[in-house]
Amino acid sequence: MTNGEVAEVFERIAGLLEMKGEKSFTVRAYQRAARTINRLPSEAADMIARGEDLTAVPDIGRAIADKTAELVDTGRLDFLDRLLAEFPPGIPALMDVPGLGPKTTLRIWKELNVTDLDQLEAAIETGALASLPRMGRKSAENILRAVRYSRSKSGRLPISRALATARQLTGALVERCPDGINVIPCGGIRRFEEEVDEIVLVGVTSSPGIVLDAFSTLSGVANVVARQDTNATVELESGVNVTLSVVAPESKGAAILNLTGSSDHISLLSQRAAELGLKLSQRGLADRSSGAPETFPDEQSLYDRLGLPYMPPEVRQGRDEIAVALSGDIARLVDLYDIKGDLHAHTDWSDGRDPMIAMVQEAKNRGLEYIAITDHSSGRGIANGLSPERLLAHMSQVKEVEQEIGGIRVLRGTEMDIRADGTLDYSDDLLQQLDWVVASVHSAMGQDSTTMTDRIIAAMKNPHVSAIGHLSTRLIGDRKPIEADYDAVFRAAAVTGTALEINGSLERLDLKDLHVERALEFGAMLVISTDAHTTESLDNLDHGVRVARRALCKPVRILNTMPADEFDSWLRLDKTGRTVRLSAND
DNA sequence: GCCGTTTTCGGCCCGACTGTTTTCAGTCG
């Protein structure tokens with residue numbers, strides 16, 4: 001069980017206890033613990049396996065440590081099961097609807113007799129919900145939209161959870177196979193799809209039987225769905241299906257290529273193979289007439305054989321990637337090594353975990369030439385946002401840290417709220433003292449498209465707003481994107497010289513690939529940012545790069561591929577002059 | 001439920017925003 005899943009359990013417990021009228025301190029203790037576990041630097045399961053004492057972690061005491069151990073060990077929690085038994089079965093789904101908290105859920109249950117989503121929808125349509133005290137037409141509409149969204153949800157696995165689960169399984173499998181095995185997550189995970197249907201693993205080994213036995217009996221496996229000589233599919237306790245295919249080292253190339261997909265990409269390759277008189281399969285290529293097989297130890301050699309350049313997994317979407325590859329453009333897509341700086345990072349001044357100096361040191365260790373420290377503005381009260389006075393102190397600390405670490409430029413920044421009415425959290429006077437201003441929507445996300453579009457464009461028109469953060473505000477699998485005229489926003493971004501962020505946080509990936517494509521068409525400038533709240537999450541740069549590559553984006557379209565000096569001079573340009581780097585041919 | 005170390009019991013105690021009100025409850029991160 002991953003930290004995210006453990007945290008969800010404690011959030012659920014907090015909500016249910018609050019409905020029961022439990023002491024607020026108890027409720028908050030569970031909420032705090034959930035947040036802490038979400039931010040642990042390593043998996044709780046691993047820590048427990050290593051014999052570490054979780055009660056040493058702040059906010060985790062005996063009770064929560066024991067419950068975590070039970071969850072990690074068995075995938076269940078007796079305490080939660082007993083708690084759930086006290087409520088109608090539809091209640092948790094109700095509480096998951098954004099806009100419905102414990103108080104409202106309790107009220108609609110007790111007063112309107114609503115205990116599931118269907119009854120909730122009916123209660124909204126009859127106006128019963130809106131008639132409750134402190135509810136009204138607007139609240140009811142927002143909740144109805146959220147209900148419809150949660151119904152339409154695919155039930156697919158968000159990439160963040162898929163990756164965490166795949167990593168955990170891979171680690172456990174390697175540990176169980178002392179003879180050595182190389183496990184590669186393939187399928188949608190490797191292509192960096194934002195949601196996947198199942199987890200696909202490829203194990204490279206010469207002892208398939210032993211590996212498949214170990215796989216079928218890993219902790220967390222609820223049952224074995226299918227088992228053949230070279231693969232097995234299991235269902236995890238979380239309901240997720242995982243398939244492991246085992247291959248011999250000499251066939252690795254064709255196997256991971258086929259199991260990475262996409263199926264559309266593979267069929268394009270098959271056509272290509274057919275033109276060469278070859279047949280493509282999971283084992284490799286075979287001559288169509290003689291049947292003579294060829295195996296490939298890696299993907300590169302297989303692409304070579306087909307007369308194609310290597311294509312990174314994230315572009316294998318079965319669209320026009322082969323043509324793009326043959327034109328030589330695939331090799332010129334943006335790469336992690338092109339990124340010279342990060343322009344969105346938090347510290348413990350607001351809601352980040354680590355001190356500014358640790359974030360900057362880590363950025364330097366990773367070879368970045370610059371980093372913008374963008375803690376939250378005061379509008380984000382709970383994120384410990386910075387008042388104007390604290391922002392001034394923040395700016396001086398940025399300069400002190402820059403001096404102290406040396407060898408990396410540290411930008412005075414902010415992630416500032418765009419308020420519901422389109423005004424900003426800080427005055428122009430304050431903003432002009434900053435090097436880099438990310439403006440983001442964090443509230444009133446249910447506004448209608450026109451209001452929201454106007455709101456964002458108003459922020460872009462401010463001469464000090466450098467970039468718009470996580471434009472759609474979606475959380476993959478959890479929160480739907482805002483409604484807005486995205487094309488109008490992309491156009492305004494290009495006209496005003498405001499950059500659009502590709503937020504590399506796995507929960508967000510925002511802009512998403514399709515929006516990146518569209519933004520590029522409109523000539524908007526992009527930045528790839530981490531939105532890091534911990535030193536480890538500077539990894540998010542890589543995620544952002546993958547999103548950009550899915551949109552076939554080249555380095556020249558990404559601002560933070562500029563070396564520090566060049567970026568410096570660019571920043572000194574008037575905003576409307578900041579489009580010079582781009583041309584339609586890039 | 002967590003924490004402390006003047007405590008193993010008693011204190012802890014978010015705050016801005018929205019949508020509802022006409023002074024504020026509930027949600028959210």
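To find a chain, count down the sequence lines: A is the first, B the second, and so on, and within it residues start at 1. Because the structure is predicted, anything quoted here is derived from the model rather than measured.
Rounded to whole Å, the separation between the P atoms of dC13(B) and dC3(B) comes to 13 Å. Going from the P atom of dC9(B) to that of dG15(B) covers 31 Å, rounded to whole Å. Only the C1' atoms considered, dT20(B) is 16 Å distant from dA16(B), to the nearest whole Å. Separation of the C1' atoms belonging to dG11(B) and dT6(B) is 14 Å when rounded to the nearest angstrom. Across the P atoms, dC14(B) and dT8(B) are found 25 Å apart, a figure rounded to whole Å. A distance of about 38 Å separates the C1' atoms of dG19(B) and dG10(B), rounded to the whole Å. Separating the C1' atom of dC12(B) from that of dT7(B) is a span of 13 Å, rounded to the nearest Å. Nucleotides dG1(B) and dT5(B) are separated by 22 Å at their P atoms, to the nearest Å.
Between His515(A) and Tyr486(A), the ring planes are parallel. Angles under 30° get that label, and only those over 60° would be called perpendicular. Between Phe79(A) and Tyr30(A), the ring planes lie parallel to each other; the angle is under 30°, not in the 30° to 60° tilted range. Ring orientation note: the planes of His394(A) and Trp349(A) are nearly perpendicular, at an angle over 60° on the 30°/60° scale.
For dG11(B), the paired base is dC2(B) (Watson-Crick or G-U wobble, both distances below 3.5 Å).
Between Asn540(A) and Ser505(A), the shortest heavy-atom distance links the atoms ND2-CA, 3.5 Å. The shortest non-hydrogen separation linking Glu517(A) to Ala551(A) is CG-CB, 3.6 Å.
Salt bridge present: Glu125(A) and Arg148(A) bring a charged side-chain N and a carboxylate O closer than 4.0 Å.
In this model, the phosphate group of dT20(B) is approached by a side-chain N or O of Ser139(A) to a distance below 4.0 Å at OP1 or OP2. Thr104(A) has a side-chain polar atom (N or O) that falls below the 4.0 Å cut-off from OP1 or OP2 of dT27(B). Checking the phosphate oxygens (OP1, OP2) of dT18(B), a side-chain nitrogen or oxygen of Ser443(A) falls inside 4.0 Å.
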Which protein N or O atoms sit under 3.5 Å from an N or O of nucleotides 8-12 of chain B?
none

Please write out the pairs of protein N or O atoms and N or O atoms of nucleotides 3-6 of chain B separated by less than 3.5 Å, giving the distance to one decimal.
residue: dC3(B); atom: OP1; partner: Asp59(A); partner atom: N; Å: 2.5

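Taking atom CD of Glu22(A) as the reference point, atom P of dC2(B) lies 12 Å away to the nearest angstrom. Between Asp448(A) atom CG and dG19(B) atom P there is a gap of 11 Å when expressed in whole angstrom units. Between the CZ atom of Arg455(A) and the C1' atom of dC17(B) there is a distance of 10 Å, rounded to whole Å. The CG atom of Asn38(A) sits 17 Å away from the P atom of dC28(B) (whole-angstrom rounding). In this structure, Asp96(A) places its CG atom 14 Å from C1' of dC28(B), rounding to the nearest Å. The NE2-P distance, from His376(A) to dC17(B), rounds to 14 Å in whole Å.
Residues Gly136(A) and Leu17(A) each lie close to DNA chain B; by heavy-atom proximity, the contact nearer the 5' end of the strand is made by Leu17(A).
Annotation: salt bridge (charged side-chain N to carboxylate O under 4.0 Å, His left out) contacts involving residues 14-26 of chain A, sequence neighbours excluded, comprise Lys20(A)-Glu86(A).
Nucleic acid contact class of Pro133(A) (heavy atoms, under 4.0 Å, all strands): none. Residue Gly99(A) is classed as a sugar-phosphate contact, given heavy-atom separations below 4.0 Å to backbone atoms only. At a threshold of 4.0 angstrom between heavy atoms, the contacts of Ala33(A) with the nucleic acid are absent.
Side-chain contact between Arg474(A) and Glu194(A) is present, with heavy atoms from C-beta onward closer than 4.5 Å.
Because its glycosidic torsion is more than 90° from 0, dT6(B) is reported here as anti.
Taking the ring centroids of Tyr426(A) and His464(A), they lie at or beyond the 6.0 Å cut-off. The distance between the ring centers of His344(A) and His533(A) does not fall below 6.0 angstrom.
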inquiry  = Evaluate Val516(A) against Arg550(A) for side chain to side chain contact (heavy atoms under 4.5 Å, CB included), listing each step before the verdict.
reply    = CA-CA 9 Å; Val516(A) 173; Arg550(A) 285 178 63 82; over 6 Å; no
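The side chain of Ile64(A) approaches dG1(B) more closely than any other nucleotide in the set dT18(B), dG1(B), dT20(B). Of the listed nucleotides (dG1(B), dT27(B), dC28(B)), dG1(B) has the atom at the smallest distance from the side chain of Tyr30(A). Distance from the side chain of Arg419(A) is smallest to dC17(B) among dC14(B), dT23(B), dC17(B). Side-chain atoms of Asp425(A) lie closest to dC17(B) of the nucleotides dT20(B), dC17(B), dC2(B). Nearest nucleotide to the Lys138(A) side chain, out of dG1(B), dG19(B), dC28(B): dG19(B). Comparing dG26(B), dC17(B), dA25(B) against the side chain of Lys103(A) picks out dG26(B) as the nearest.
For Arg546(A) and Phe192(A), the positive end sits near the middle of the six-membered ring, less than 6.0 Å away and at most 45° from its axis.
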